[in-house]
Structure formats: structure tokens, C-alpha cells
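The structure under discussion appears below in the form of C-alpha cells.
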Amino acid sequence: VELHYTQGLKYGQRQGAGTVVDTYSNTTLANASSLSLPTSCAVDASPFSSWNISSAFRYGFTPLKERAAALDSHLCRLSSEIVSNKLPSQAAVEPIGVPQQESAYCIGRICNEAHDGKINAMSILLEGSRHFSSGKRVSLKLDKDVSYSLFPGQIVAAHGTNADGRTLVATKIIEGSEAPKKKSPVTAFSQSSLNVIVASGPFTTSDNLDYEPFSDLLLHVQVAKPDVVILAGPFVDIRHPQVQNNEVQLEMEDGSFANVTFAQMFQQRISALMEDLYVQTYEKDGAELTTQFILIPSLDDAIANHVYPQPPLIERKGEEVIIIEGIEVNTLGLRHVESAGRDGETKKKRIHCLSNPCTFQINEVVFGITSNDVMCHISSDEVHDAAIENRLLRISQHILNQQSYYPLFPPPISKEIRANLDLGKMDHWKLPCTPDILILPSKLVPFAKSTASSCLVVNPGLLSKGTTGGTYASIQIHPMKSECIDQLGEQGEIEHGVQERTNVSIKKI
């Protein structure tokens with residue numbers, strides 16, 4: 001299901017701006033009386049520095065042996081967790097490809113028997129690890145009463161018999177095992193509400209490079225003054241017609257148009273607008289705007305590396321910037337945003353450039369995000385039992401169960417799908433824990449839902465769709481009730497319970 005827009009409708013002619021298209025609300029554990037308290041907000045990705053990639057790397061030269069080892073390592077690790085967390089104690093686990101008359105569990109990776117085309121119920125293979133099953137594959141046949149949802153690359157445990165060693169007849173499928181949730185001491189819990197806005201590119205419509213939707217989003221930020229704004233790319237979209245035709249131009253002061261680099265387009269259409277936001281707010285209110293921005297690159301970004309995982313966007317230091325005829329040519333201009341509208345007393349960092357994918361914390365709340373449209377990718381190559389409903393929630397749970405921001409392998413072959421996986425860096429798209437809030441921007445219908453793993457999944461949609469506007473998400477996280485903290489605090493460290501103290505609204509721009 002996709003959210004469709006009339007292509008002939010221009011952005012200025014759109015209807016229903018500000019309309020709420022989906023909501024989520026659960027305030028069972030919320031302390032609503034603290035909404036008026038001043039917010040102390042800290043963005044911190046350091047607890048997950050082992051998983052978030054931090055710098056550019058040499059890609060395209062990973063040997064086949066290393067790629068195979070990375071896939072096998074992921075299979076072995078998740079197999080061990082399935083055995084520990086999902087299988088009955090003393091359950092029989094047999095290697096794949098060994099004939100067995102008695103029912104047993106076999107753990108492996110789902111593969112498509114056909115090299116081309118979408119997987120279907122008749123073309124499912126189960127591939128074992130090299131260590132336990134010598135990498136053997138068997139045909140996986142599903143009993144008519146089995147409930148399943150499968151896609152290539154998925155690690156599953158199949159319970160059934162394999163009479164001839166070539167065909168496993170499964171009567172039960174266990175679809176992975178989610179990572180544990182992060183716990184925090186009660187002293188780490190914020191006593192004030194946290195307001196977050198999430199938007200995903202493209203940030204301009206397909207008929208121009210004026211970035212009107214992004215400008216309108218910042219107008220809303222100026223009024224709402226959220227604590228954090230999370231922006232997922234693309235910021236300069238390589239799929240934009242003018243970018244593809246090398247017509248990236250900006251209007252000069254004399255009214256003429258000049259060709260500019262992608263970095264200069266980012267300077268003038270992203271950085272400059274954010275800089276104006278801080279300056280105008282300071283001039284209007286006489287106080288510094290405390291909103292912080294988190295920038296996540298995309299594989300469709302003209303200003304970023306095009307291999308997954310992606311390192312953060314790079315902003316050069318002042319002495320490294322090259323100026324030609326008064327124009328900065330090799331910088332994104334984000335350092336100007338850091339200094340705009342300051343009162344000289346505070347030096348709190350405003351712009352946080354993080355990797356794609358990325359796990360980070362805002363106060364005690366753990367966020368996970370990838371700008372890859374993994375939901376659409378899995379949806380395009382999934383086979384499932386017709387009895388399983390709510391596709392969006394099902395795919396979201398897959399990502400958590402597979403402990404991976406991109407569990408699909410190989411990615412579907414399509415000009416509309418861009419994955420560009422570097423398997424040598426596979427550990428950098430692993431989920432280190434089950435996040436409290438998982439952000440999965442997608443062209444599928446926007447939603448906010450809580451999964452069986454107690455994770456709140458949000459698809460904010462795209463800020464622009466064709467020539468008209470799209471959607472963004474507004475998230476309000478309440479502090480936990482003091483009596484709940486007192487009651488649970490005896491346990492030392494406790495789970496954050498974010499899904500039970502959060503409101504989400506997805507609105508049209």
C-alpha cells in the first residue's frame with residue numbers, strides 16, 4: 001500500500017496541509033504533570049560507537065571469501081540466539097541436509113531457488129551455516145497449517161522432518177530472535193517531556209529545486225520549538241530530474257542563474273535555511289533556539305558515499321574550506337548554523353551528523369534509524385501466509401527479529417531499489433539492541449505502531465511526493481510516572497517503557 005498523490009497537483013495548490021493522517025497514543029506510564037518543566041536534551045551516539053560507522057572507508061574491494069564469512073558469521077550468531085531464546089529447552093537441532101525421520105529444528109537462511117524473480121512458496125530453500133551444516137541447502141516445503149512470512153536472507157528455525165535429506169517439510173517456523181532492550185538506572189530518566197520531529201527526503205518537489213517543503217517544515221519548527229529534529233536524506237536527491245540532467249542551478253543576486261556543485265546546493269537550500277531559522281528566532285524572541293538537528297545521509301544523496309553502511313556527512317573545518325571568488329566550494333556550510341543566533345554564552349552542539357544506519361540516544365530514549373527504504377524492499381520480495389494481516393507491522397517485526405537494519409539478501413534487482421551493500425561492513429548495520437523507537441522512512445503508507453517487541457515503529461513518510469507535499473512525524477515522549485520509577489527502581493536498571501508514554505502524529509506538510 002502506498003500513499004498516492006495526484007501528480008498534476010503543484011505544491012502551492014495542495015490541500016489539507018497540517019492534516020493528521022495517522023496517530024499513536026499510549027500514556028499508561030506518562031507523567032503528564034511535568035509537561036511544563038524545562039527540557040534538558042542530550043543527543044548521544046557514543047554508547048553505540050562500535051556499531052555506527054564513523055568515517056569513510058575503501059569499498060568495492062572486499063574479497064568474496066570475506067563477504068561469505070560475514071554472511072556466515074551473522075547466520076551463526078543469530079542461530080545461537082534463536083536456540084537460547086526461542087527454542088524449547090532440550091530441543092533437538094539437526095544440521096541441514098541430514099536425513100531425519102523424527103521432527104527436529106533446522107536453522108538456516110532463506111534463499112530463492114530461482115536466480116531471477118520474486119520468491120514464492122514453491123521456490124524456498126533453507127541454507128545452513130558452513131560450520132554446522134557445511135553450507136548445504138534443502139528445499140523448504142511448508143505444511144498447509146503453517147503461518148509464515150519469509151524473504152531472502154532471513155534467518156529462521158524450521159521444525160519438521162527431512163526424510164530424504166533434500167526436502168524439509170516444516171510444521172512450524174520461528175522467524176528469528178529480537179535483541180534485548182537497553183536498560184537504564186532510574187537516575188538517567190528525564191523528568192521533562194521530549195518533543196521530536198522526524199522528516200525524510202526528498203526535501204523539494206520534483207519540478208524545482210526551491211525546497212519549499214523543507215522551508216515550510218522549518219517554519220513549523222520555529223513555532224513548535226521541538227527539542228530535536230531528525231532529518232533523513234536524500235538532501236540533494238540524485239533521482240531528481242534536474243540533478244540527473246546536470247541542471248543544478250541557483251539564482252544569483254542579479255537575477256541570473258549559475259551552475260553550482262551539489263555541496264553548494266546543500267549550503268544554500270539546507271544549511272542556509274537552518275541558519276536563518278536560528279537567526280530569525282533569536283531576533284524575534286530575544287533568546288536562542290535550543291532545537292538540535294540530526295542529519296542522516298541516504299544512498300540517493302549526491303553529497304554522500306553511495307555504499308551501505310554510510311558514514312556521516314562531512315563538514316570541513318574553517319581552515320580546510322576553499323574559497324573561490326568569495327564562494328565556499330568544498331563545504332556543506334553547517335559550521336555557520338552552529339554559530340548563528342547565539343547569545344555567546346552557550347556552546348551546545350546543534351548539528352549532529354550521524355551514520356546510515358544509526359543507533360543513538362536522546363536522554364534515556366534509544367532511537368534507531370536507517371534511510372534505506374528497507375520496508376519497501378522486503379515487501380517487494382516477501383512470501384507470506386494469506387492469514388497474516390497488517391503487512392507494515394509484520395515487516396517492522398522482521399527487522400527487529402533479524403537484529404538487522406537491512407536483513408534482506410540479496411537485495412531485489414530493480415532500477416527503483418538501491419542497496420549497494422558492502423558485506424565486509426555487515427556488523428555496522430546490526431541492531432545492537434531493540435530500540436525504543438525505530439524510524440523507518442518509506443514510500444509506503446506512513447504509520448506509527450507498537451510491535452510485539454515493545455518497540456514503537458514510525459514511518460514518517462516522505463516530505464515531498466512528486467510535485468506536491470508529503471508527510472512528517474511529530475513525537476512527544478512523556479516522562480515516566482514517579483510512582484512507576486519508585487516501584488521499578490528497586491530492580492536497579494529498568495526498561496524505558498517508551499511505547500507506553502508516547503504520542504505520535506503524522507501530518508501532511
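Listed by chain and number, the residues in a salt bridge (charged side-chain N to carboxylate O under 4.0 Å, His left out) with Arg77 are Glu81 (sequence neighbours excluded). The side-chain hydrogen bond (donor to acceptor under 3.5 Å, both in side chains) check on Asn372 picks up nothing, with sequence neighbours excluded. Partners of Phe132 by ring pair (Phe, Tyr, Trp, His ring centres under 6.0 Å), not counting sequence neighbours: none found. For His398, the ring pair (Phe, Tyr, Trp, His ring centres under 6.0 Å) partners two or more places apart in sequence, or in a different chain, are Phe151.
In this structure, Lys349 places its NZ atom where more than 12 heavy-atom neighbours from other residues, nucleotides or ligands lie under 6.0 Å away. Other residues, nucleotides and ligands place no more than 12 heavy atoms under 6.0 Å from the NZ atom of Lys172.
Checked against a 6.0 Å centroid threshold, the rings of Phe360 and Phe48 do not count as neighbours. A distance of 6.0 Å or more separates the ring centres of Tyr308 and His428.
Looking at Asn356 and Pro297, their side chains come closer than 4.5 Å, going by heavy atoms from C-beta outward.
For residues 361-377, the salt bridge (charged side-chain N to carboxylate O under 4.0 Å, His left out) pairs, not counting sequence neighbours, are Glu364-Arg501.
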Verdict with supporting geometry, Lys182 and Glu493, salt bridge (charged side-chain N to carboxylate O under 4.0 Å, His left out): CA-CA 9 Å; Lys182 190 174 186 298; Glu493 293 188 340; over 6 Å; no
Audit row: Lys183, Glu495, salt bridge (charged side-chain N to carboxylate O under 4.0 Å, His left out) steps and yes/no: CA-CA 5 Å; Lys183 296 182 179 181; Glu495 292 187 1; 5.1 Å; no
Side-chain donor-acceptor distances from residues 218-225 under 3.5 Å, at least two apart:
from	atom 1	to	atom 2	distance (Å)
Lys225	NZ	Gln222	O	2.9
Lys225	NZ	Asp285	OD2	3.2

